[in-house]
> 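A single structure is presented below for examination.
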Number of protein chains: 2
Amino acid sequence: MPSETFERLAENKKKAIFDAAVEEFSNHSFSQASINQVVQSAGISRGSFYQYFRDKEDLYMYVLGEIAREKMTVAAATRDINPHADFFETYRQMFMSILDWAESQPRYYRISMLMDYDDSAFIAKLRDQFGGNWDFFRQLIEKEKQRGRIEPHVDADIVVEMLFALNKSFFQDYWQTGSRDQLVDRMESSLNIIKGGIARV
Amino acid sequence: MPSETFERLAENKKKAIFDAAVEEFSNHSFSQASINQVVQSAGISRGSFYQYFRDKEDLYMYVLGEIAREKMTVAAATRDINPHADFFETYRQMFMSILDWAESQPRYYRISMLMDYDDSAFIAKLRDQFGGNWDFFRQLIEKEKQRGRIEPHVDADIVVEMLFALNKSFFQDYWQTGSRDQLVDRMESSLNIIKGGIARV
DNA sequence: GATAAAAATGACAACCCTGTCACATGACAG
DNA sequence: CTGTCATGTGACAGGGTTGTCATTTTTATC
């Protein structure tokens, strides 16, 4: 966590440092991000930086925390999804709201993307923790099974794992090509195939 | 490509360098691999290395080439897959033969894995080139559609993309946890779901 | 204004890395 | 045995990184 000295800083200075960190972390993976770049871009001295943060990991955690806080807004918006919508519709809606977020905050989104492109132990641990709350979907599938809308023999875990993998892969592609339409198409098509494979008819 | 000087080297020396490179590239992503480590581990001087290879990229390409040559054997074994087997069975068999290869050559396999964990331009280009020949499966799906074993409205591309994404994701997980059984389970289950979604009944 | 506490600074040490090059050592031919 | 050519070597320059710390500057308080 940042030092108390940092907390006491003027808002605009804190923001300058945060922005510089976001800039660096959205262009380089954690391992390759350079504190030198950050301090230069933020317009502070090297010594100051180390008075605010213990090291690069500390800074990274701070940035992630701030982003998570801002993300709350999105999460809140996600909550008022039609509770009567079925699993597939719910997934679709959540997917779209994540996509909207990615497009409205491309730098934040790139940071999360770059987490997948780093093999340091630190980031690996983070990946596991922040893995996203896919548990929600697992429970939703179980409910649908009880309601008879999904075949009862279906393993909810594997469906969630599939969606997770597809989500990650399609988003990564989108990150490079930048075609929103293709991303949405892929999501729709793959979801329909899965639906065909597990829905009770 | 390696210099002629390198080609003229004694076999055991060439092998020592190759092994050292494999060791380094299977433990660090390309960007983080160090030539210093390689020369030390191979027991040659820094100066010699640069007499053999232009730079790290050159060495990497050499290693990849050698691995590809050895991989031919696997590819050959793959060819005598039952031509009458359906798409899903063929996929299963190919999957298993890749898994076998990964288990017999874990260091080679880790190198290919680490290619996905690198964001350098050089590796990005390679990823696109060596993307694997999934075209084979696309054609197989088209054939199955004609034979009436797969729904004609199915988009072969999306199925291939799904399999590719799942393959990558499951293998990555396997790489970290190392559970072969789980990997095979996941492949079987997800393939069955896709089958349910696209097969003509 | 004087004093004390807080914050900012950048030179520095220590450690990585790469690519080069003048020189040393080997091997082989005459 | 000597000269030539192929090969091996490691010190070196030039670049990067991180984390520290003695010193200066700013800010707040009396």
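Every chain is numbered from 1 and lettered A, B, ... according to where its sequence line falls, protein lines coming before strand lines.
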> Once each nucleotide of nucleotides 17-27 of chain D is scored for protein heavy atoms under 4.0 Å, what B/S/- sequence comes out, 5' to 3'?
SBBBB------
> So does B:R186 get a backbone contact from the side chain of A:E161, meaning a donor-acceptor N/O pair under 3.5 Å?
no
> For the pair A:L140 and A:Y91, evaluate side-chain contact (heavy atoms from CB on, under 4.5 Å) and give the outcome as yes or no after the intermediate values.
CA-CA 10 Å; A:L140 208 54; A:Y91 181 79; over 6 Å; no
> Nearest whole Å is fine: how far is C:dT25 P from B:Q51 CD?
16 Å
> Does A:H28 reach the side chain of B:D119, with side-chain heavy atoms less than 4.5 Å apart?
no
> Using modelled atom types only, decide if a donor and an acceptor are shared between the side chain of B:K56 and the backbone of B:I35 within a distance under 3.5 Å.
no
> Is the shortest side-chain N/O distance from B:Y52 to OP1 or OP2 of D:dG8 below 4.0 Å?
yes
> Short question: side chain of B:D118, backbone of B:S31 - any donor-acceptor pair under 3.5 Å?
yes
> Between A:D128 and A:K125, is the closest basic N to carboxylate O distance under 4.0 Å?
no
> Side chains of B:L64 and B:I111, heavy atoms from C-beta outward: is any pair under 4.5 Å?
yes
> Relative to each other, are the rings of A:F30 and A:F25 parallel, tilted or perpendicular (30° and 60° limits)?
parallel
> Report yes if some heavy atom in the side chain of A:L114 is under 4.5 Å from a heavy atom in the side chain of A:W175; otherwise report no.
yes
> What are the atom names and distances for every N/O pair under 3.5 Å that joins the protein to nucleotides 3-6 of chain D?
none

> Can you tell me the distance, in whole Å, between the CD atom of A:Q40 and the P atom of C:dT9?
13 Å
> Identify whether the distance between the nearest side-chain nitrogen and carboxylate oxygen of B:R180 and B:E103 falls below 4.0 Å.
yes
> Where along residues 13-25 of chain A does a heavy atom come under 4.0 Å from DNA chain C, residue by residue in number order?
A:K13
